[in-house]
Amino acid sequence: MNIPLGHYLILAAILFAIGLAGALTRKNAIIVLMGIEVMFNSAILNLVAFWHYKHFAVPTAQLFAIFAIAIAAAESAVGLALVIAVYRHYKSVDVDEMKELKG
Amino acid sequence: METIYQLLHVTFANVPAWTVQVAAFLIPIAFIFGVYPAIFALTTLVERKALGRIQNRYGPNRVGIFGVLQPLADGLKILLKEDIVPRVADKFTHFLAPVLIVVPGLLVYLVVPVAPGMVAVDLKIGVLFALAVGTMSAIALFMAGWASRNKFSLLGAVRAVAQVVSYEVPTVMAGVAVIMAAGTLSTLTIVQRQGGGILNISNWYVFRPWGLVGFVLFVIGGLAESARCPFDLPEAESELIGGYHTEYSGFKFALFQMGEYLAGMAMAGVTVTLFLGGYMGPGSGPGLVGSLIAMLWFFSKLAGMIMLNIWIRGTWPRLRVDQLMGFAWKVLLPLALVNIVAVGFWHFLTPRPLAWVVTTGWLVIWFLVLTKCNASAILEKREYRYV
Amino acid sequence: MNYPGKGLVEGLAVTARNFVGSYFYKDRLTTVQYPEERIQTPENSRTFPFLVFDESPDKPRCTACKICEVECPPKCIYIVMDRDDKGKPLQRPKAFDIDISVCMQCQICVEVCPFESIKMDNDYEKSKYGRFNDLVQRLPDLLKSNDYYRQIKPVKAAEVDAKLKAEAEAKAAKKAAAVAAAAAKAAATPPAGSAT
Amino acid sequence: MNIAFWIISAVAVLGAVLAVTLRNLVHCVLALILFFIGIAAHYFLLRADFLGTVQILIYVGAVAVLILFAIMLTHNVTGVDGPKELLGVKWWSGAAIAATLAILLKKAILSDPLATLLPAGDKAQSSVAEIGKALVAGWVVSLEAIAILLTAALIGAVVIALEEIQKS
């Protein structure tokens with residue numbers, strides 16, 4: 001495979017930008033979470049790309065990726081639970097409507 | 001693939017090398033796309049006949065001698081049927097779901113070895129791959145149920161997804177026991193570890209205390225993941241009409257049936273690989289004759305697992321939804337975790353008889369404890385009028 | 001001994017017994033393989049009426065009295081009496097049609113028939129391709145021998161035969177008596193006549 | 001292999017774009033699944049097949065299903081966002097942000113000498129055993145921390161989602 005590392009980094013950057021745009025512009029809290037997932041994944045892709053091109057002999061980067069995936073899974077579980085709780089309260093998942101800090 | 005390549009390379013020494021490479025690449029694919037759907041077609045017939053015999057009926061015996069052409073007739077009939085798509089359905093997703101449902105079932109066969117060295121791809125993470133790909137069917141089921149715009153379809157889809165996700169956990173845990181014992185994730189190596197012993201049989205993992213428990217857990221999990229009886233709640237006719245495939249007809253419906261059966265057979269194949277010694281059996285080994293015997297062993301074990309599935313389908317009633325979830329989380333998951341500890345005992349206790357005693361005792365004690373804890377969920381024996 | 005999952009295992013045993021047993025004991029299989037094997041229909045089962053003849057089809061028991069035609073609730077029977085060249089009734093039907101798409105199998109025609117001529121059949125394979133004319137049973141379709149009747153309904157046929165025989169005997173006896181009486185009368189009158 | 005890279009990248013980018021722009025929430029999740037599968041394929045291409053499988057198992061098998069369930073529990077699912085959100089001012093501003101960020105990152109990446117780095121040669125698959133050994137040898141504290149984190153997240157999610165039911 002003679003794809004330079006830069007291609008992977010740019011791909012990850014594009015995906016990160018898409019995820020960020022989604023997280024910033026969409027009103028629906030679930031889609032905001034999905035945008036954050038996209039950002040997470042692009043970051044992990046970066047990590048794996050660096051591992052493949054630079055430090056193939058040591059599995060540390062893969063461990064980091066696994067930890068990141070685990071954290072992302074935990075984050076999405078808690079985030080979605082929060083979304084459901086917020087929906088129960090406001091009867092909406094529109095992030096623009098969640099202005100109050102008190103319940 | 002490498003084995004096939006070498007076999008071809010030795011046999012056809014004077015053809016160009018790239019031909020051999022392409023052939024070695026195509027043969028496993030052709031095998032997977034040819035043999036397993038053929039077994040699926042045969043299974044539909046065998047299942048109907050066996051269910052008939054279980055209910056003291058004949059089963060299909062009209063088309064061809066003993067009804068052997070029944071799958072052909074079914075296929076023709078279903079091909080000629082009209083394909084109806086609901087007007088309000090989400091057309092694209094509705095179309096995509098039946099296509100996607102066949103894919104995971106076929107992908108699992110990539111890592112199921114049928115003879116020494118004969119596996120389409122000898123992945124180092126074979127078991128994990130099979131289990132991960134098996135989960136993907138949940139998405140296709142959900143797409144089907146949601147795209148149909150039908151309450152019953154959606155309910156069936158939600159049930160299917162919840163069930164697959166819940167039963168995935170104990171199934172993977174039961175697989176972890178085998179992975180720990182074998183020390184590898186490669187399916188080929190796991191099968192090789194089960195060779196030797198008396199007649200190539202005594203080292204099968206099912207003949208270990210933890211292996212037996214793992215086998216039972218894996219079979220239950222496999223039944224639940226492929227939504228077969230007694231876990232066929234996603235398509236419970238009496239409750240949900242047809243579940244997620246209510247709004248499908250014609251060839252798409254056939255694809256759903258095919259995907260379901262292929263997934264069930266794939267789980268049976270993985271069970272055979274992990275617990276029943278894969279292709280290991282008296283007479284199986286390297287070389288052409290040994291490979292053929294090994295293949296025979298594998299497919300007879302697969303047939304045995306399929307027959308077990310049919311037997312269970314013909315016998316046990318469907319679970320209730322709350323019982324389903326409770327069973328997965330309160331019985332199967334703790335038992336799977338306990339089983340992992342049992343493998344640890346097995347690995348570290350040096351005199352084998354001691355390991356047998358300790359592992360068996362550990363598992364039995366925990367089984368009894370779990371039964372006691374779940375006693376409230378076990379129904380009282382009821383007397384029926386027609387015994 | 002009671003253990004968890006006992007019922008499940010027992011259920012598996014039952015189905016396994018069925019599975020194996022159905023291959024060895026034919027009587028476990030209750031299915032009738034229909035076109036090849038048929039079960040004897042019960043005596044009281046009935047489908048559509050037919051006409052009984054005794055010796056030959058051209059001498060049916062039916063006398064074309066039209067009682068059944070009159071009594072038939074859905075009016076599915078159509079009878080034309082046969083007449084000779086001079087217009088004299090021959091006491092047999094020239095046409096006897098039953099539209100089985102209309103017939104409701106009520107058996108009233110059988111009840112009212114004074115000659116034990118019309119009976120209910122057991123033949124259920126009456127499906128036809130045509131929708132109108134094919135479902136009308138003509139006289140040749142309807143005529144069936146008494147042997148056939150005995151075969152499908154042995155008990156009733158025996159009763160009918162006994163009754164007809166008794167009637168015939170009574171008739172013969174009556175006739176004989178009448179002949180005897182006439183003879184006696186004839187024997188008695190000439191002396192009187194001769195006396196006058 | 002180069003073709004594989006471009007195809008998989010196209011699939012991943014398509015999935016990501018559709019996931020954040022589509023109106024129908026369930027379609028968004030399906031596009032997100034496409035994106036996850038694309039990323040998993042990239043892992044396979046980068047010879048990290050354990051990670052690729054984990055990606056499928058966790059993201060496609062669990063997270064996507066979780067999101068689907070969250071949608072089922074919160075919304076009447078279809079056509080809720082309306083067309084005005086798409087191609088409105090917000091959408092354009094989002095696109096501008098994404099484009100700016102991507103261009104900036106691209107400049108930064110290309111200015112670095114690492115960007116032209118090629119893999120040293122065709123290497124074998126990474127060993128799962130190595131990862132396992134490293135997990136329980138050097139990184140066992142992190143592993144335990146992750147385990148505790150996951151347990152806490154599980155309990156936390158249940159508590160948060162159950163709260164209202166207990167009140168009512």
Side-chain angles (χ1 to χ4, degrees), chain B residues 46-62 66-67 213 216-217 219-220 223 229-231 307-319 323 327 330-332 335 363-364 366-384 386-387, chain C residues 1-48 100-101 105 121-132 134-135 137 141 148 151-152:
Chain B
V46 170
E47 170 151 26
R48 288 173 65 183
K49 284 193 90 80
L51 283 180
R53 289 291 171 169
I54 279 171
Q55 296 155 11
N56 286 330
R57 292 185 287 109
Y58 281 101
N61 60 355
R62 291 283 140 182
F66 295 122
V213 173
V216 172
L217 289 176
V219 168
I220 293 173
L223 285 177
C229 267
F231 301 103
M307 283 308 285
L308 179 69
N309 284 3
I310 295 170
W311 187 12
I312 286 172
R313 177 173 172 191
T315 308
W316 293 345
R318 190 180 295 133
L319 266 80
Q323 290 172 341
F327 188 54
K330 291 186 206 159
V331 182
L332 295 185
L335 208 56
L363 286 170
V364 167
W366 274 101
F367 182 67
L368 292 178
V369 167
L370 280 173
T371 319
K372 211 76 183 160
C373 292
N374 289 301
S376 60
I378 299 170
L379 295 174
E380 290 291 310
K381 189 173 179 192
R382 285 173 291 185
E383 290 297 328
Y384 293 96
Y386 305 104
V387 187
Chain C
M1 187 185 146
N2 205 357
Y3 53 90
K6 190 182 171 207
L8 297 177
V9 175
E10 282 172 355
L12 284 176
V14 167
T15 44
R17 265 205 304 282
N18 279 355
F19 182 78
V20 178
S22 66
Y23 281 102
F24 290 101
Y25 303 102
K26 266 284 180 210
D27 55 326
R28 274 179 169 271
L29 295 159
T30 50
T31 316
V32 178
Q33 296 284 300
Y34 163 61
E36 287 92 37
E37 46 182 88
R38 288 143 202 258
I39 43 174
Q40 171 84 34
T41 43
E43 174 111 22
N44 280 334
S45 72
R46 63 185 192 226
T47 53
F48 296 104
I100 60 169
S101 65
Q105 310 168 348
D121 204 344
N122 279 3
D123 179 20
Y124 42 81
E125 291 164 324
K126 294 277 193 199
S127 53
K128 294 275 160 45
Y129 286 103
R131 194 165 162 191
F132 300 106
D134 287 8
L135 284 173
Q137 300 253 294
D141 310 321
Y148 172 78
Q151 196 190 327
I152 59 169

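Predicted model, so just to flag it, every value in this text is computed and none were measured.
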Is C:Tyr25 in contact with chain B via its backbone, its side chain, both, or neither, using a 4.5 Å heavy-atom distance? neither
Might you confirm whether atom [atom1] of [X] has over 12 heavy atoms from other residues, nucleotides or ligands at distances under 6.0 Å?
X	atom1	value
C:Tyr23	OH	yes
C:Tyr124	OH	yes
B:Lys330	NZ	no

Check [X] against [Y] and note the closest heavy-atom contact, atom names and distance.
X	Y	answer
C:Ala16	B:Trp311	CB-CZ2, 3.6 Å
B:Asn56	C:Ser22	OD1-CB, 3.8 Å
B:Thr315	C:Leu12	CG2-N, 3.4 Å

Sub-4.5 Å heavy-atom contacts with chain B: which residues of residues 37-45 of chain C show up? none
Please round to the nearest 0.5 Å and tell me the distance separating atom OG1 of C:Thr15 and atom CZ of B:Arg313. 13.5 Å
Distance in Å, C:Asn18 CG paired with B:Leu51 CG, rounded so as to fall on 0.5 Å steps: 12.0 Å
Among C:Arg17, C:Gln33, C:Arg28, which residue forms the greatest number of heavy-atom pairs with chain B at distances under 4.5 Å? C:Gln33
In terms of heavy-atom pairs under 4.5 Å with chain C, which of B:Ala50, B:Pro230, B:Gly52 leads? B:Ala50
Any C:Leu29 side-chain heavy atom under 4.5 Å of B:Arg53 side chain: yes
Check ring pair (Phe, Tyr, Trp, His ring centres under 6.0 Å) between B:Trp316 and all other residues, then give those that pass, not counting sequence neighbours. none
